[in-house]
Undergrad: 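Attaching a single structure in structure tokens format; questions to follow.
Residues take their numbers from the sequence shown, with the count starting at 1. None of the values given here were measured: they were computed from a predicted structure.
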Amino acid sequence: MDAPKGVILFSNTPIGKEFNESVKKLKIGIVVFNLILLFSIFYSTVNLSLIIVLALVTNALLILRLISASAVIPLAVNLNHPFMESESVSKSEIMVKFSQDWIDPGIHRLKLAKDSLSCWVIHRQDDDLSVLSLWDTKLKESVLNRHLAIINQAISLNNAVNGSNNEFEDARERESQESTLLEREWLPEKEIDAQGPISRIFSNE
């Protein structure tokens with residue numbers, strides 16, 4: 001996934017690199033597990049076929065988790081965004097890519113839903129709960145929620161730098177009164193457990 005000119009993929013930002021440390025730890029965990037497995041095969045008195053079956057199942061689960069954790073978050077920011085951990089000298093910008101094209105998500109927080117065809121849909125939390133984009137992905141719901149939580153953090157920080165940080169709170173209040181899209185299957189919002197520089201950013205607000 002290549003970012004448009006003038007912005008940097010989240011995975012290449014200081015915050016993104018910190019976030020990706022969990023992937024490295026998971027890879028190390030898989031290697032350690034397999035070493036323990038080899039040791040067990042040679043020295044264990046337990047039925048060998050049982051060990052092999054348990055090992056295959058565990059490895060499959062770990063690999064699936066690694067694939068999900070390695071998925072690229074469809075977010076890019078410019079040098080003035082707080083995720084870059086540098087002094088802002090101009091307007092902060094972000095871009096997202098849920099389908100084919102990179103787009104500006106605007107100032108409103110985003111919400112994940114499923115439509116009647118079970119497609120993932122991204123809505124803005126504005127007056128009309130307008131549709132921003134379909135999300136063309138095969139990732140599981142928990143991964144999408146984690147990615148969207150990071151994107152929403154990026155939007156709120158972007159608003160703070162640009163002086164529009166109250167807009168998304170207004171959208172959340174309007175959404176609570178919204179009743180025109182009750183047929184949508186809204187998914188719960190889950191904020192990530194932000195650590196390190198992200199925590200410092202919010203603690204300074």
Undergrad: Which residues pass the side chain to side chain contact (heavy atoms under 4.5 Å, CB included) test with D136, not counting sequence neighbours?
TA: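 Not a single residue meets the side chain to side chain contact (heavy atoms under 4.5 Å, CB included) criterion with D136.
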Undergrad: Can you check side chain to side chain contact (heavy atoms under 4.5 Å, CB included) on H147 and F10, steps first, answer last?
TA: CA-CA 11 Å; H147 287 193; F10 172 77; over 6 Å; no
Undergrad: Quick one: closest heavy-atom pair of D126 and L129, and the distance?
TA: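 Minimum heavy-atom contact is OD1-N, 2.7 Å.
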Undergrad: Given side chains that start at C-beta, do those of N145 and E141 come closer than 4.5 Å, heavy atoms only?
TA: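 With C-beta onward as the side chain, the pair touches.
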Undergrad: Do D128 side-chain atoms and S130 backbone N/O form a donor-acceptor pair below 3.5 Å?
TA: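 Flag not set: sc D128 to bb S130 has no pair under 3.5 Å.
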Undergrad: Please set out all donor-acceptor pairs under 3.5 angstrom arising from side-chain atoms of residues 71-84, sequence neighbours excluded.
TA:
unit_1	atom_1	unit_2	atom_2	d
N78	OD1	N80	N	3.2
N78	OD1	H81	N	3.4
N78	OD1	E93	N	3.0
N78	ND2	K91	O	3.0
N80	OD1	V89	N	3.0
N80	OD1	S90	N	3.3
N80	ND2	K91	O	3.3
H81	ND1	F83	N	3.0
H81	NE2	A154	O	2.9

Undergrad: Would you name the heavy atoms of I107 and I155 that are closest together and state the gap between them?
TA: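 Heavy atoms of I107 and I155 come nearest at O-CG2, 3.6 Å.
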Undergrad: Return yes if some donor-acceptor pair links the side-chain N/O of N162 with the main-chain N/O of N158 below 3.5 Å, else return no.
TA: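 Answer holds: yes.
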Undergrad: Say you draw a straight line from CG of D2 to CG of L9; how long is it, rounded to the nearest 0.5 Å?
TA: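 Rounded to the nearest 0.5 Å, the CG-CG separation comes to 7.0 Å.
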Undergrad: For a side chain to side chain contact (heavy atoms under 4.5 Å, CB included) with F98, tell me which candidate from L134, L110, V121, T137 qualifies.
TA: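 Between F98 and the candidates, side chain to side chain contact (heavy atoms under 4.5 Å, CB included) is satisfied uniquely by L110.
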Undergrad: About how many Å separate CG of N152 and CG of L112, when rounded to the nearest 0.5 Å?
TA: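 The CG atom of N152 is 10.5 Å from CG of L112, to the nearest 0.5 Å.
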Undergrad: Please identify each residue that fulfils side chain to side chain contact (heavy atoms under 4.5 Å, CB included) with I103, with sequence neighbours left out.
TA: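 Scan of I103 (side chain to side chain contact (heavy atoms under 4.5 Å, CB included), adjacent residues dropped) gives V96, L132, S133.
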Undergrad: Specify the closest pair of heavy atoms between M95 and W102, including all atoms of both residues, with the distance to one decimal.
TA: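 Shortest heavy-atom contact: O-CZ3, 3.5 Å.
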Undergrad: Once rounded to the nearest 0.5 Å, what's the spacing between atom OG of S156 and atom CZ of R109?
TA: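 The CZ atom of R109 is 6.0 Å from OG of S156, to the nearest 0.5 Å.
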